[in-house]
Participant: 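Here's a structure for you.
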Amino acid sequence: MPSTLEDFEVITTIGTGSYGTCKKIRRKKDGKVMVWKEMEYGSMTESEKQMLVSEVNLLRELRHQHIVRYYDRIIDRTQAIIYIIMEYCQGGDLASIISRNRKDGTHVSEDFAWKILIQATLALKECHRRKNGKAVLHRDLKPANVFLDADANVKLGDFGLARVLHHEHSLAQTYVGTPYYMSPELVNNQSYNEKSDIWSLGCMLYELCALAPPFTATNEGDLKKKIRIGQFPRLPTQYSLELDMIIRRMIQVEVSMRPSIDSILADSVVQRKQNSLN
Ligand SMILES: CN(C)CCCNS(=O)(=O)c1cccc(Nc2nc(OCC3CCCCC3)c3[nH]cnc3n2)c1
């Protein structure tokens with residue numbers, strides 16, 4: 001029995017992303033708290049609608065402890081809105097955690113940083129696992145897309161939706177925000193690949209600890225120059241050499257020098273940290 005809008009009540013609006021509004025909702029039959037993301041598709045071309053359908057179908061397939069769970073979708077044809085119903089992440093997003101630490105002049109702990117590193121890598125591993133020969137590359141790995149559940153476990157979110165909206169015609173094409181995590185291969189208009197996600201993962205983990213991205217500039221041209229050079233300061237000294245080194249290995253200009261997901265997970269320090277987490 002497909003869900004209808006009447007099966008839910010809206011608790012509050014959490015925020016608005018590049019594709020639409022995210023609301024915290026409660027399912028009436030059992031009180032379960034979830035979110036839905038409202039996307040207007042009225043102004044989409046047929047090909048964009050087809051992309052949206054295939055992205056949502058990909059979302060349904062992604063079932064992993066560190067990926068935001070997709071539950072259902074409701075299509076309101078009268079308003080031309082699709083509601084994508086997903087798992088609610090009580091801990092909020094990493095972007096909020098970074099800005100709060102920056103404001104308070106505090107830092108996340110070393111163990112928290114390792115936990116995010118390990119769980120985000122496991123989530124990426126699932127995304128890169130070939131699905132009918134089609135890797136689901138994240139393409140938009142950033143703190144605002146990494147959520148935490150009630151136990152501060154990573155939930156990677158907003159898959160695919162990024163791809164739908166980067167489609168040349170879509171209204172949300174206007175890239176909001178500076179592309180701090182743009183990889184050198186993207187700066188050089190080369191192809192995006194799995195190691196591009198490793199670059200973005202490294203940039204995100206760097207920013208989580210240093211409370212600033214590895215490369216910053218006041219304009220995109222200078223930012224691209226810095227990314228191509230690939231030099232950035234060491235993490236704050238409160239973080240271990242091991243943490244600085246593994247993040248540094250992810251943020252290497254030369255694609256082949258970046259670690260694969262499996263080599264990150266096989267790293268002896270990661271293994272030790274993973275055991276202490278479990
Ligand atoms: C970018 N942020 C600073 C915006 C402030 C808003 N706070 S916050 O840190 O996201 C926050 C606070 C409390 C709970 C949650 N839980 C949550 N949020 C999602 O998306 C948020 C949405 C993403 C697009 C941009 C607008 C916000 C989820 N998607 C799937 N499950 C989700 N669970 C999030």
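Atoms within each ligand, like the ligands themselves, are counted from 1 in listed order. Since this is a predicted model, take the numbers as computed values, not measurements.
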Participant: As a test of understanding, state which of Phe8, Tyr70, Trp36 forms a ring pair (Phe, Tyr, Trp, His ring centres under 6.0 Å) with Tyr83.
Facilitator: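 Checked Phe8, Tyr70, Trp36 against Tyr83; only one passes ring pair (Phe, Tyr, Trp, His ring centres under 6.0 Å): Trp36.
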Participant: Please confirm whether Lys24 comes under 4.0 Å of ligand 1, counting heavy atoms of the residue only.
Facilitator: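 Contact check Lys24 vs ligand 1: negative.
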Participant: Answer yes or no: does an N/O atom from Lys37 fall short of 3.5 Å to an N/O atom of ligand 1?
Facilitator: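 Looking only at distances, the answer is yes, because the N/O contact criterion of under 3.5 Å is met.
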Participant: Can you classify the ring geometry of Phe215 versus Trp199 as parallel (below 30°), tilted (30 to 60°) or perpendicular (above 60°)?
Facilitator: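 Aromatic pair Phe215/Trp199 classed parallel.
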Participant: Can a side-chain donor-acceptor contact be found between Asp93 and Ser96 if the only test is distance below 3.5 angstrom?
Facilitator: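 Yes, a side-chain donor-acceptor pair sits under 3.5 Å.
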Participant: List the steps and the verdict of side-chain contact (heavy atoms from CB on, under 4.5 Å) for Tyr71 and Met34.
Facilitator: CA-CA 9 Å; Tyr71 291 124; Met34 307 158 125; 3.3 Å; yes
Participant: For atom 31 (N) of ligand 1, what's the nearest protein heavy-atom neighbour? Residue, atom name and distance, please.
Facilitator: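 Answer, as residue, atom name and distance: Glu87 O, 2.6 Å.
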Participant: What I'd like to find out is whether the side chain of Arg234 reaches to under 4.5 Å of the side chain of Arg248, using heavy atoms alone.
Facilitator: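 Side chain of Arg234 against side chain of Arg248, heavy atoms only: contact under 4.5 Å found.
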Participant: Which protein non-hydrogen atom lies closest to atom 16 (N) of ligand 1, naming both residue and atom, and how far is it?
Facilitator: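 I find the closest protein heavy atom is Cys89 O, 2.8 Å.
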Participant: Quick one: which ligand 1 atoms are inside 4.0 Å of a heavy atom on Thr16?
Facilitator: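 With Thr16 as reference, the close atoms of ligand 1 come out as 25 (C), 26 (C).
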Participant: What I want to check is whether the side chains of Asp149 and Gln90 have a donor and an acceptor closer together than 3.5 Å.
Facilitator: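 No pair is found: no donor N or O on one side chain lies under 3.5 Å from an acceptor on the other.
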Participant: Which residues satisfy the side chain to side chain donor-acceptor pair (under 3.5 Å) test with Tyr206, sequence neighbours excluded?
Facilitator: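 Side chain to side chain donor-acceptor pair (under 3.5 Å) list for Tyr206, sorted by chain: empty.
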Participant: Checking a contact table here: which protein heavy atom is nearest atom 22 (C) of ligand 1, and how many Å away?
Facilitator: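 Ranked first by proximity to atom 22 (C) of ligand 1 is Cys22 CB, 3.8 Å.
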Participant: Considering non-hydrogen atoms of the protein only, which is the closest contact for atom 9 (O) of ligand 1, and what is the distance?
Facilitator: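 Minimum-distance protein heavy atom for atom 9 (O) of ligand 1 reads Asp93 OD1, 2.7 Å.
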Participant: For the pair Glu110 and Ser240, evaluate side chain to side chain donor-acceptor pair (under 3.5 Å) and give the outcome as yes or no after the intermediate values.
Facilitator: CA-CA 8 Å; Glu110 172 110 358; Ser240 66; 2.4 Å; yes
Participant: In terms of residue, atom name and distance, what is the protein heavy atom nearest to atom 6 (C) of ligand 1?
Facilitator: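 Result: Ile14 O, 3.6 Å.
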Participant: Among all protein heavy atoms in this structure, tell me which lies nearest to atom 3 (C) of ligand 1, with the distance rounded to 0.1 Å.
Facilitator: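 Looking at atom 3 (C) of ligand 1, the protein heavy atom closest to it is Ser96 OG, 3.2 Å.
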Participant: Given that the side chain starts at C-beta and the backbone is N, CA, C, O, which of these parts of Val68 lies under 4.0 Å from ligand 1, counting heavy atoms, or is it both or neither?
Facilitator: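 The part of Val68 near ligand 1 is the side chain, not the backbone.
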Participant: Among protein heavy atoms, which lies nearest atom 11 (C) of ligand 1, and at what distance?
Facilitator: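 Scanning the protein heavy atoms, the shortest distance from atom 11 (C) of ligand 1 goes to Gly92 CA, 3.6 Å.
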Participant: With ILVMFWY side chains joined below 4.5 Å, transitively, what does Val53's cluster contain besides itself?
Facilitator: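 Listed partners: none, Val53 stands alone.
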Participant: Got the closest protein heavy atom to atom 18 (N) of ligand 1, with its distance?
Facilitator: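 Going by distance alone, atom 18 (N) of ligand 1 is nearest to Phe147 CE2, 3.7 Å.
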Participant: Between Asn145 and ligand 1, which part of the residue brings a heavy atom under 4.0 Å of the ligand: side chain, backbone, both or neither?
Facilitator: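 Answer for Asn145: neither.
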